[in-house]
Q: 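Please read through the structure below; I'll follow up with questions.
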Protein chains: 2
Amino acid sequence: MARKSGSDGKKTARELRGAATRLFAKYGYAAVSMRQIATEVGVQAGALYLYTPDKQTLLYQIMDRHMDDLLDAWQEESAALGDDPMAKIEQFVRFHIRFHLNRGDEIFIAYMELRNLSEENFELIEQKRRAYEGLLGDILKEGNASGRFALCDTKLSSYAIIAMLTGVSTWYKGDGRLSLDKIEEVYLCMVRGLVSEGGAKTQSSR
Amino acid sequence: MARKSGSDGKKTARELRGAATRLFAKYGYAAVSMRQIATEVGVQAGALYLYTPDKQTLLYQIMDRHMDDLLDAWQEESAALGDDPMAKIEQFVRFHIRFHLNRGDEIFIAYMELRNLSEENFELIEQKRRAYEGLLGDILKEGNASGRFALCDTKLSSYAIIAMLTGVSTWYKGDGRLSLDKIEEVYLCMVRGLVSEGGAKTQSSR
DNA sequence: GTCTATAGAAGGATAGAC
DNA sequence: GTCTATCCTTCTATAGAC
């Protein structure tokens, strides 16, 4: 793999993924052409195929890498946590908001472009998506079983929490009236209300 | 406007909107071709342009009609309501879930294809979308002002509630373990938890 | 490693026959 | 009101020069 001076394959590959991520998020996978991506990267369209076999694989790799990052980051973040379900869910809320706000483009793609994955690729991503949702589901189950939570419904509570947390990405603009800390605090407050329905309020450590 | 027997313009126009709605929801606006739509309708591609000036207008009309239906339906549904914010929000929750589950395709389009609207069309739709979200916002403001609710944050609560309610569309399949009634009940329960945080629980009339 | 050139398919939209 | 035929553009992906 001889390399000319002045060119850098690794860098171009990175820029390709970056450009594709930005453009897919902004205009949608189907609406973005390889030519557009090439222009953004600063190379000719044909040159892209040195770095990806096709457009579909480009989409899949963006989503797959995102899911891996997400799952790995939670592994790391949750390692030091004890057994208290309330502490766990608070950590999860903070984690989800923070992680997702830092990656607006990837999130958008992850939620909008599932249907543009090939059948096989969809299955692979869907599996990881379910694994992530299962993390929250497990916390809720534990909390409900131990009596720490009083859920309206375990499964639906997990859907509702994921939906409201992910929804932050749809309106958050870094320049608003609310700091990231304040947003986390408000969502913690709301999630506490959700998991404690019908029972005594448990004030957390925050 | 002479018309041959055996053909029916009104009917074809209706079928065009129906086919476009189904296909846009399933594959995405950008990924669907006019030829595909024509095949679904059962006419030739050229014939579509008797009923719509272009593809963009087709998308806009689907979304605009949907928003009008939504706003009109709430007008009707809320007309008989009194002043109690808790009664209002319960009605809103039921209404939103029921309305949206009956129109999975339109919802999907309304939330996924905003970015494929032209700039002017986007503004028009966005205006109606904000009007709808404002309905919930007003209920929350009233409830908070009267002390009936104890919200973590008025604006964010409305975002969170809309997000969790709309999220139902993403997992609901008419054949699941949960009936529509049960789903409404669970979401009512969760929303009560959300609006009553930190204060005494108010048991509603259900 | 990137370029130009191009194959080959498909797209939106229009014209004119019937 | 619908058809066939077609214009013109754009697309993904490949071939081969440098």
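Below, read A as the first sequence line, B as the second, and so on, with proteins coming before strands; counting in each chain starts at 1.
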Q: Using a heavy-atom distance cut-off of less than 4.0 Å, which residues of residues 49-58 of chain A contact DNA chain C?
A: A:Leu50, A:Tyr51
Q: What distance separates A:Asp153 CG from A:Asn144 CG, expressed to the nearest 0.5 Å?
A: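 Going from the CG atom of A:Asp153 to the CG atom of A:Asn144 covers 9.0 Å.
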Q: Describe the nucleic acid contact of B:Val41 in one word from base, sugar-phosphate, nothing, applying a heavy-atom distance below 4.0 Å.
A: nothing
Q: Let me know which of A:Phe99, A:Trp74, A:Phe92 forms a ring-ring contact (aromatic ring centres under 6.0 Å, His included) with A:Tyr132.
A: A:Phe92
Q: For nucleotides 5-10 of chain C, read 5' to 3', which letter fits each nucleotide if B means a protein heavy atom sits under 4.0 Å from the base, S means only the sugar-phosphate is that close, and - means neither?
A: ------
Q: Between B:Leu71 and B:Lys128, does the side chain to side chain contact (heavy atoms under 4.5 Å, CB included) criterion hold? Intermediate values first, please.
A: CA-CA 8 Å; B:Leu71 291 166; B:Lys128 293 185 178 177; 4.1 Å; yes
Q: Testing A:Arg98, A:Arg94, A:Lys88 for salt bridge (Lys or Arg N to Asp or Glu O under 4.0 Å) with A:Glu77, which one passes?
A: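 So, applying the salt bridge (Lys or Arg N to Asp or Glu O under 4.0 Å) to A:Glu77 and each of A:Arg98, A:Arg94, A:Lys88, only A:Arg98 qualifies.
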Q: Taking all heavy atoms of B:Leu16 and all of B:Val41, pick out the closest pair and write down the distance.
A: CA-CG2, 3.8 Å
Q: So, is A:Gln44 close to the C:dT4 phosphate, meaning a side-chain N or O under 4.0 Å from OP1 or OP2?
A: yes
Q: CZ/B:Arg148 to CD1/B:Ile89 distance, rounded to the nearest 0.5 angstrom?
A: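 Interatomic distance, B:Arg148 CZ to B:Ile89 CD1, rounded to 0.5 Å: 11.0 Å.
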Q: Could you tell me the separation between the CE atom of B:Met34 and the P atom of D:dA5, rounded to a whole number of Å?
A: 20 Å
Q: Please compare A:Gln36 and A:Ala47 by the position of their nearest nucleotide in DNA chain D and report the one closer to 5'.
A: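 The 5'-side residue here is A:Gln36.
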Q: In whole Å, I'd like the distance from the OH atom of B:Tyr27 to the C1' atom of C:dG11.
A: 17 Å
Q: Give a yes or no on this: more than 12 heavy atoms of other residues, nucleotides or ligands lie within 6.0 Å of atom OH of B:Tyr111.
A: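 Atom OH in B:Tyr111 is packed in, count exceeds 12.
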Q: Check whether more than 12 heavy atoms from other residues, nucleotides or ligands sit under 6.0 Å from atom CG of B:Asn102, and answer yes or no.
A: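 Yes, enclosed.
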Q: Hey, does the side chain of A:Thr12 come within less than 4.0 Å of C:dG1's phosphate (OP1/OP2), counting only N and O?
A: no
Q: Between C:dG12 atom P and B:Leu48 atom CG, what is the distance in whole Å?
A: 10 Å
